[in-house]
Amino acid sequence: MAIRIYNTLNRKKEIFVPIKQGRVGMYVCGPTVYDSCHIGHARSIVTFDVIARYLKAKDFEVTYVRNFTDVDDKIINRANQIGIDSKALAEKYINEFYEDMDALNVERPTIEPKATEHIAQIIKVIEILIDKSMAYQIDSDIFFAIQSFKDYGKLSGRKLEDMEAGARVDVDERKRNPFDFALWKSAKPGEPAWDSPWGKGRPGWHIECSAMSTEYLGETFDIHGGGKDLIFPHHENEIAQSEGAFGKPFARFWIHNGFVNINQEKMSKSLGNFLMIKDILKSFHPETVRLFLLSSHYRSPIDFTDKAMDEASAGLDKIYALFERVEEKKELSEINDVETGNYYKQFCEAMDDDFNTARGISVLFDAVRNINRLLDETKEGLSQEAIKDIISYKSDILKIGGILGILYESPEAYFEGKKSKALGKKSIDPAVIEDMVKEREKARKAKNWAEADKIRGQLEVMNIIIEDRPEGTIWKVKA
RNA sequence: GGCGGCAUAGCCAAGUGGUAAGGCAGCGGUCUGCAAAACCGCUAUUCAUCAGUUCGAAUCUGAUUGCCGCCUCCA
């Protein structure tokens, strides 16, 4: 089955054929490390994490490059504000980034280059552009001349004339065209700087991605990704630099993920509604975050709300509850190797269609319902056929989970983790609950239903839900 | 002003020419001491509106309305 990907470059879905058979080179714009990561970063990173996992599952040898922008105006400003070295600031946030990503079960890319460690490559690309008269020097700054690149605007669908009409006035007067952008910025006192043919300075924002993608993936590579907001100017400028310098097509497929809104509002500094990953993880299980992010197609905007998160959480509970149920059946414990089942196949069909995780997740729930049905239907003992089916379905669910990066815990660990998080927030002692459950059990044995229901009512007020199962009573915390 | 996107049940969300997935919520049922969980059934004759193309459209075209994004650092 061929994979079809929506290519921003041509604004349509195209059949994905890599340059080298069986291999994929993918470059994704990583964070500028001047602050904690927010849920928007999480969406982008989880999206491409799943894409990389899926491509690997389809037996592609994936070289996944995701950079760190570790030198930049924002980093310098922030470092100056709090009075520390900009390198130290970048390191602090790189570490924090890894903490967030590990929590979210994001796999490490193949290569994670930093801008500051590729100054030589950056300078080389700038020199080529100057040689080709596509870049020019003013004082000690180097600018890219967009008019020298005839395809400028092809990714974002803009025409130079149109843009000039709407351009802002606060442009650098020295530039030939208001949309020319800096390749190299001369150092001001106190700023991090590197030696260059044009004096001490540092790279502009866009050039690092051109230099580093070429370094690790070549002058032309398969996939370039990032958030929608990067289409213009960042990715447009990357194309101009790379195709200008090397005279070859740059990335062949451009993939852009949509935004995350918070209660229908765009995250913005002025609204102060940036939701940081580390804060969200205080309230929600990491898998809930992933399931929420993947419940919509990656290109659609999504709205982060408590309700949406609760629904994702309920869905996850449903799947883990099924695992728990399956584990309780001894005859299902010998998991032998099973063939790839129909659900996994359906999931792949969804993913082949522009990584449609929303549709893929519906397959997950279909499989869950079918196993539950089989378990419900055969109370007195499972037939060999049912056992075979259940094991196969469950194996499919786990395989799908492996691509979505969820369902990697044991049900016990999952529910225990949820319990302690929820109880911790409400500062309830689990021992108290255990005692109440035991009391209720006593009452039930004595057929003292009034007392049993009274205790259940008290627990419910505490957001504790009771389930009387054949094997005994268990309790859960309401989402 | 320029460019682009979206509008599907109470809510979330797939579906891009062949007669409306899935989840949450709701209702009825099975199970249960009663519940919960799970399962079964029901819940959009209809896909913002209006025209058009077609044997056939949520899916294509045009217009209208509404929402959103980008054009400036931004995932």
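Quick note on labels: first sequence line is chain A, next is B, and so on, each numbered from 1.
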_Candidates G22(B), C39(B), C74(B) - which lies nearest the side chain of D366(A)_ = G22(B)
*Give the nucleotide from the list G33(B), G23(B), A75(B) with an atom nearest to the side chain of N257(A).*
A75(B)
*asked:* Counting the atoms with a prime plus P, OP1 and OP2 as sugar-phosphate, which does D468(A) contact under 4.0 Å by heavy atoms, base, sugar-phosphate, or nothing?
replied: base
_Any base atoms under 4.0 Å from V260(A), or only sugar-phosphate, or nothing? Heavy atoms, all strands._
base
_Is there a ring-ring contact (aromatic ring centres under 6.0 Å, His included) between Y93(A) and Y34(A)? Walk through the geometry before answering._
CA-CA 6 Å; Y93(A) 284 112; Y34(A) 73 106; 7.7 Å; no
_A cation-pi test, strictly: NZ or CZ of K399(A) under 6.0 Å from the centre of the six-membered ring of F347(A) and no more than 45 degrees from its axis. Yes or no?_
no
*Where the side chain of R359(A) is concerned, which of A75(B), A35(B), A14(B) is the nearest nucleotide?*
A14(B)
*Heavy atoms under 4.0 Å, any strand shown: does S300(A) hit a base, just sugar-phosphate, or nothing?*
sugar-phosphate
*Side chain D453(A) and base G33(B) donor-acceptor under 3.5 Å*: yes
*Please work out whether the ring planes of Y414(A) and Y320(A) are parallel, tilted or perpendicular, with thresholds of 30° and 60°.*
parallel
Using a cut-off of under 3.5 Å, enumerate the N/O to N/O pairs linking the protein to nucleotides 10-12 of chain B.
{"from": "C11(B)", "atom 1": "O2'", "to": "K307(A)", "atom 2": "NZ", "distance (Å)": "2.9"}

*Indicate yes or no: does E324(A) engage R469(A) in a salt bridge with an N to O separation below 4.0 Å.*
yes
*Which nucleotide in the set C39(B), G69(B), A36(B) lies at the smallest distance from any side-chain heavy atom of R369(A)?*
C39(B)
*Looking at the side chain of R444(A), which of A38(B), A75(B), G33(B) is the nearest nucleotide?*
G33(B)
*Start at the 5' end of RNA chain B and walk down; is the nucleotide closest to W449(A) or to V368(A) reached first?*
W449(A)
*Side chain of N356(A): nearest nucleotide among A14(B), A75(B), A36(B)?*
A14(B)
*Which heavy atom of S210(A) sits nearest a heavy atom of E238(A), and at what distance?*
OG-O, 3.3 Å
*Just compare A75(B), G2(B), A38(B) and give me whichever is closest to any side-chain atom of R325(A).*
A38(B)
*In plain terms, say whether D352(A) and R4(A) are close enough for a salt bridge, that is, a side-chain N and a carboxylate O under 4.0 Å apart.*
no
_F232(A), nearest nucleotide to its side chain (from C71(B), A36(B), C39(B))_ = C71(B)
*Would you kindly check whether a donor in the side chain of R43(A) faces an acceptor in the base of A75(B), or vice versa, at under 3.5 angstrom?*
no
*Ignoring the backbone of A358(A), work out which of A14(B), A38(B), G22(B) is nearest its side chain.*
A14(B)
*Would you state whether a donor and an acceptor, one from the side chain of R456(A) and one from the base of C34(B), lie under 3.5 Å apart?*
yes
*Only one of F253(A), F250(A), Y64(A) clears ring-ring contact (aromatic ring centres under 6.0 Å, His included) with H224(A); which?*
F250(A)
*Of the nucleotides G33(B), C74(B), G22(B), which has the atom closest to the A452(A) side chain?*
G33(B)
